[in-house]
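Keep in mind it's a predicted model, so treat the numbers as computed, not measured.
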Amino acid sequence: MLDRIREGSQSLWVKVFLVLIALTFALAGIGGYIANQPEPAVAVVNGEDITQVEFERAVESERNRQEQQLGDFYEQLARDPRYTQRIRTQVVNDLINQKLLEQAARDRGLRASPEQVKAAIRDISGFKVAGQFDNDLYLTTLRSMGYTPDGFAELIRRDLITQQLVRGIVGSEFVLPSEVDNTLQLLGQERSGAFTQIAWEDYRDKVEISDADIDTWYNQNLQNFAVPEQVKVEYVLLDGAELAEQLEVSEEDVRAYYEGNLSRYEDAPRYRFSHILIESGDDAAAAEAEAEALLAEIEQGADFAELAQANSDDIFSGEQGGDLEWIEPGTMDADFEEAAFALENIGDISGVVETSFGYHIIKLTDKEEGSVTPFEEVRAEIAENLREQQVQNRYYELQQEVAKLAFEVPDTFSAVAEATGLTAQTSDWFSESSARGALAAPAVVQEVFSNEMITDRFNSDIIEISDTESVVVRVVDHKDAATQPLSEVTDQVRQALTVERAQELALQRADAIATAIRSGEATDAEFTEVSNVTRQTSEYPRMVVQTLFGMAAPAADSTNIDTVTLENGDIAVVRLDGVSAGQIDAEQSVQLQEQLLNNYSQEVYSAVINALRGDAEIEVLLNQSNDSGTNQ
C-alpha cells in the first residue's frame, strides 16, 4: 500500500489505490458475507473481527502476487517457513490497517452513492476487455469468487467510503516550488578537491608486537573468539520431489480414472436467464405489488428487456435488459434457482419469486445441451493429478512408517533406512545460525538445540519443513558454547593487532598531513585532484566521495580537510576546494515534485495509520504454533 504512494503522482496514486483496495477485498473476501455461521477470527480490531477465511484468501492473493513478481525464485523462498511466516504477518497487519481505515471513515459519517459504486466497478481493470467493461467477465468473476452482484456492490460501497478518508489524507499535501529547486540543486551538486591515500601496509614492518601485547589484546577482545553452541546430527529427509521422480502412472490407471470419474469431464447443460429485480426496501408489500404489476404487463405482451431496463434494481443486468449471462446451479439464491431451473423452454417466464434480495421475475433466454471432453484432451492432466496423488499418498505413508520406526528404535536410524530405503545422513558441526539446507528450518533448529535432544540423544518426531519435505533428526554429538584459547588463535591475534597498529601509524601520518595543510605549510604528500564529482561518481574510492559531500562548503579562497578510513583499511586525507550547485531542469522538476509529494503523502498516511493503531484495541489471534503474531 505504501509502495503505491512512492510510485506515482498523487492523483494517479488515488486511482490505483482505489483499484488495489477493491481487488484486494474482492480476492480476500469478507468473512461471514456468504456463510451464516460465525467465522474464526485471526484478529479483533475495536471489537470487529478479521476472519480466518478473509485472512487465508488475502494470504493466497499475496502469494500469487509474489509468485508472479519473483518467478522461479519464489519457489526457493516459499520452501523457507520463515518467508511464509513473514507473508502471513504482513497480511494480517495490512488487514488490520484496512479495518482501521474503514472504521475511521464510518465514524466520520462518510457515504457513497449508487452512481459512485457503479462507476467504481466499471473502472476495475479486472472486469475490462480491450479497455471496455465486459459484463460477461464481470459476472463470471463474481460467481467464481462466490459473490452476487448486489453483494459485490455493497463491498465496493464500503471501499469507496474508506477512500474518501484516504483522499482527504493524501490530498492535503503540497510541495512548494522552492523545495523542488533546492532539492534539485542539492541532488545535482558537484564538488572539487583532492585526496591522498596512505596504505597501512607501508607501516606493517614498523610494528613491533610482544607476547604481552598479544595477551592483552586477546583478553580485551574475547568476544571475537566466542564459539557458539554446536551440534552434529544424524537425520533422514523425506522429499516429495524425489518421490515424484520415482513414481510412474500407467495408461491403464489414467483410463480407469477417466471412466470412473466421467462426470468431471461432462459439461452440464447451461442455462441463460434474464431477470427483473424489485428490492424489498422498507415496504415489502409494495415491492411485491410492483413486481406483480410488471409481470402482468409482460403477460400482456410488454417487452421483458425494456421493462428490465426501466424498472430493475439490479445495477448492471438492468442495463443489459436483465441479462444474467450463463448460470450454473449453486451460484444464485436457492429460491431464485428453484424457480429459474424449473423453466423448460426458451422464452418461459416465472411468476414473482421472492428471495432474500427482493422480488424477481425470471425469463429463460437460452440453453445449451451438455457435452463430454474426450479422453485424449485430458490424459496429460489426469496423469499429472494421479502422480501428485500417488506422491501425496506415498509421502504420507512414509511419514507414518518413519515416525513409527524412529519411535520404536529411538537411538538409531538403521531400522528406518533398512525398511524404507531412505538414507540416514550425518551433518558437520553447526550452530543455530550456521545450519544449512533442511536443517536450517526453524523447527529443526529449535528441536536439535533443545536440552532433551542433547541429553537423551533419541530420535525426534517427524518435523515438517514444508508441504513436501519433512525430517527426523538425532543429536549424535554436542559442544557447549566456548571461547577459543589463546594458543589456538595466537597468529590470528598477531595479525589483527598488526593491522590495527599499522593503521594507527597511517592515521598519525594522515593527521600530520591534514594539520600541515590547515596551517598553510608545505607537505610532500602526493594528492590526486578530483574535479566536479557528483554523489554517484564511482571513479574514486566510495568513502572519499562520501567524505567530500559530508564536509561543509569552504569559505572563499580556503579549503576544508578531513581524514577517513577506506574499505581496505587505508587512510585517506580528503581536501574540499569548492562546491557548485546543481542545475534546475524543468522536466526533472516535474518528476521530483511528484516524488516529493508522494513521499510527503506516505509520511502523512503512515502517521495516520500509526495514530489509529495507537488509539485502537487490537488483538491478534493467529495460532502461535503456526503463525507469528504482531506486537501492538
Decide yes or no on side-chain contact (heavy atoms from CB on, under 4.5 Å) for V92 and I50, but give the supporting numbers first.
-> CA-CA 9 Å; V92 76; I50 295 174; 5.6 Å; no
Give a yes-or-no answer on whether the side chains of Q90 and R86 include a donor-acceptor pair shorter than 3.5 Å.
-> no
Side chain of T162, backbone of R158: donor and acceptor closer than 3.5 Å?
-> yes
The ring pair (Phe, Tyr, Trp, His ring centres under 6.0 Å) partners of Y258 (sequence neighbours excluded) come to Y265, F375
side-chain contact (heavy atoms from CB on, under 4.5 Å) between L142 and T148, intermediate numbers included | CA-CA 6 Å; L142 259 59; T148 64; over 6 Å; no
D215 and N219: side-chain donor and acceptor closer than 3.5 Å?
-> yes
Is the backbone N or O of D570 less than 3.5 Å from a side-chain atom of N568, with the two atoms forming a donor-acceptor pair by type?
-> yes
Closest non-hydrogen atom pair, A572 against L566 = CB-CD2, 4.0 Å
One should read off an interatomic distance between L101 CG and Y605 OH, to the nearest 0.5 angstrom, of 4.5 Å
Please assess L621 against E619 for the test side-chain contact (heavy atoms from CB on, under 4.5 Å), listing each intermediate value before the final yes or no.
-> CA-CA 6 Å; L621 305 174; E619 184 180 6; 3.3 Å; yes
Side chain N459, main chain V472, donor-acceptor under 3.5 Å = no
Taking Y395 for its side chain and E469 for its backbone only, find out whether a donor-acceptor pair lies under 3.5 Å.
-> yes
For F458, what residues pass the ring pair (Phe, Tyr, Trp, His ring centres under 6.0 Å) criterion, not counting sequence neighbours?
-> none
Would you say the side-chain atoms of W217 pair up with the backbone N or O of A496, donor to acceptor, closer than 3.5 Å?
-> no
Electrostatic pair E248-R387, nearest N-O below 4.0 angstrom = no
Do you see a donor-acceptor pair shorter than 3.5 Å between the side chains of N46 and Q103?
-> yes
Does the distance from a Lys or Arg side-chain N to an Asp or Glu carboxylate O, for D213 and R494, drop under 4.0 Å?
-> no
Salt bridge between R501 and E504, side-chain N to carboxylate O under 4.0 Å?
-> no
Test side-chain contact (heavy atoms from CB on, under 4.5 Å) applied to A419 - qualifying residues, sequence neighbours left out | E401, L405
Under 3.5 Å donor-acceptor, Q399 side chain and I462 backbone | no
Rounded distance [0.5 Å steps], CD in E452 versus CZ in R457 | 13.0 Å
Review item, side-chain donor-acceptor pairs of residues 443-451, under 3.5 Å, at least two apart:
{"residue": "S450", "atom": "OG", "partner": "E447", "partner atom": "O", "Å": "2.7"}
{"residue": "S450", "atom": "OG", "partner": "M453", "partner atom": "N", "Å": "3.4"}

State, yes or no, whether a side-chain contact exists between I214 and L486 at a heavy-atom distance under 4.5 Å.
-> yes
Salt-bridge criterion met for R88 and E56 (N-O under 4.0 Å) = yes
Quick one: pull up OG1 in T141 and CD1 in I124 and give me the separation to the nearest 0.5 Å.
-> 10.0 Å
Taking N64 for its side chain and E60 for its backbone only, find out whether a donor-acceptor pair lies under 3.5 Å.
-> yes
Between E384 and I382, does a side-chain contact (heavy atoms from CB on, under 4.5 Å) hold up when you go through it step by step?
-> CA-CA 5 Å; E384 181 60 27; I382 293 175; over 6 Å; no
Counting only heavy atoms not in R379, do more than 12 fall under 6.0 Å of its CZ?
-> yes
Does Q595 offer a backbone N or O that forms a donor-acceptor pair with the side chain of Y600 under 3.5 Å?
-> no
Pairing residues for Q392 by the side-chain contact (heavy atoms from CB on, under 4.5 Å) criterion, not counting sequence neighbours = Q389
Does the side chain of T84 reach to within under 4.5 Å of the side chain of R63, using non-hydrogen atoms?
-> yes
Under 3.5 Å donor-acceptor pairs involving side-chain atoms of residues 427-439, not counting sequence neighbours:
{"residue": "S427", "atom": "OG", "partner": "V233", "partner atom": "N", "Å": "3.0"}
{"residue": "S427", "atom": "OG", "partner": "V233", "partner atom": "O", "Å": "3.4"}
{"residue": "S431", "atom": "OG", "partner": "S433", "partner atom": "N", "Å": "3.4"}
{"residue": "S431", "atom": "OG", "partner": "S433", "partner atom": "OG", "Å": "3.4"}
{"residue": "S431", "atom": "OG", "partner": "S434", "partner atom": "N", "Å": "3.4"}
{"residue": "S431", "atom": "OG", "partner": "S434", "partner atom": "OG", "Å": "3.0"}
{"residue": "S434", "atom": "OG", "partner": "S431", "partner atom": "N", "Å": "2.7"}
{"residue": "R436", "atom": "NH1", "partner": "S434", "partner atom": "O", "Å": "3.1"}

L110: partners by side-chain contact (heavy atoms from CB on, under 4.5 Å), with sequence neighbours left out | A105, R108, I161, Q164, L165
OH on Y235 to OG on S460, rounded to 0.5 Å | 13.0 Å
What residue pairs, at least two apart or across chains, pass salt bridge (charged side-chain N to carboxylate O under 4.0 Å, His left out) with a residue in residues 219-247?
-> E234-R474
Under the ring pair (Phe, Tyr, Trp, His ring centres under 6.0 Å) test, which residues partner Y218, sequence neighbours left out?
-> F225
So which pairs with a foot in residues 481-503 pass ring-ring contact (aromatic ring centres under 6.0 Å, His included), sequence neighbours left out?
-> none
Return yes when atom CD of E617 has more than 12 non-hydrogen atoms of other residues, nucleotides or ligands closer than 6.0 Å, and no otherwise.
-> no
Is any side-chain heavy atom of L398 less than 4.5 Å from a side-chain heavy atom of T420?
-> yes
Hey, mind stepping through E48 and R106 against salt bridge (Lys or Arg N to Asp or Glu O under 4.0 Å) and telling me if it holds?
-> CA-CA 13 Å; E48 295 184 19; R106 186 178 63 226; 2.4 Å; yes
Minimum side-chain heavy-atom gap Q230-H478 below 4.5 Å = no
Decide yes or no for F413 and T426: does some side-chain heavy atom of the first lie under 4.5 Å from some side-chain heavy atom of the second?
-> no
E102/Q98 under side-chain hydrogen bond (donor to acceptor under 3.5 Å, both in side chains): CA gap, chis, key distance, verdict = CA-CA 6 Å; E102 179 185 327; Q98 291 173 2; over 6 Å; no
Would you call R613 and I618 a side-chain contact if the rule is heavy atoms closer than 4.5 Å?
-> yes
So how far is it from T468 OG1 to L238 CG, rounded to the nearest 0.5 Å?
-> 10.5 Å
Inter- and intrachain pairs under salt bridge (charged side-chain N to carboxylate O under 4.0 Å, His left out), touching residues 408-424, at least two apart = K404-E408
Are T498 and I209 close enough that some pair of their side-chain heavy atoms sits under 4.5 Å apart?
-> yes
L95 side, atom CG; N97 side, atom CG - distance, nearest 0.5 Å = 9.0 Å
With sequence neighbours left out, the residues meeting side-chain contact (heavy atoms from CB on, under 4.5 Å) with E201 are R204
Taking side chain as C-beta onward, heavy atoms only, is L596 less than 4.5 Å from T183?
-> yes
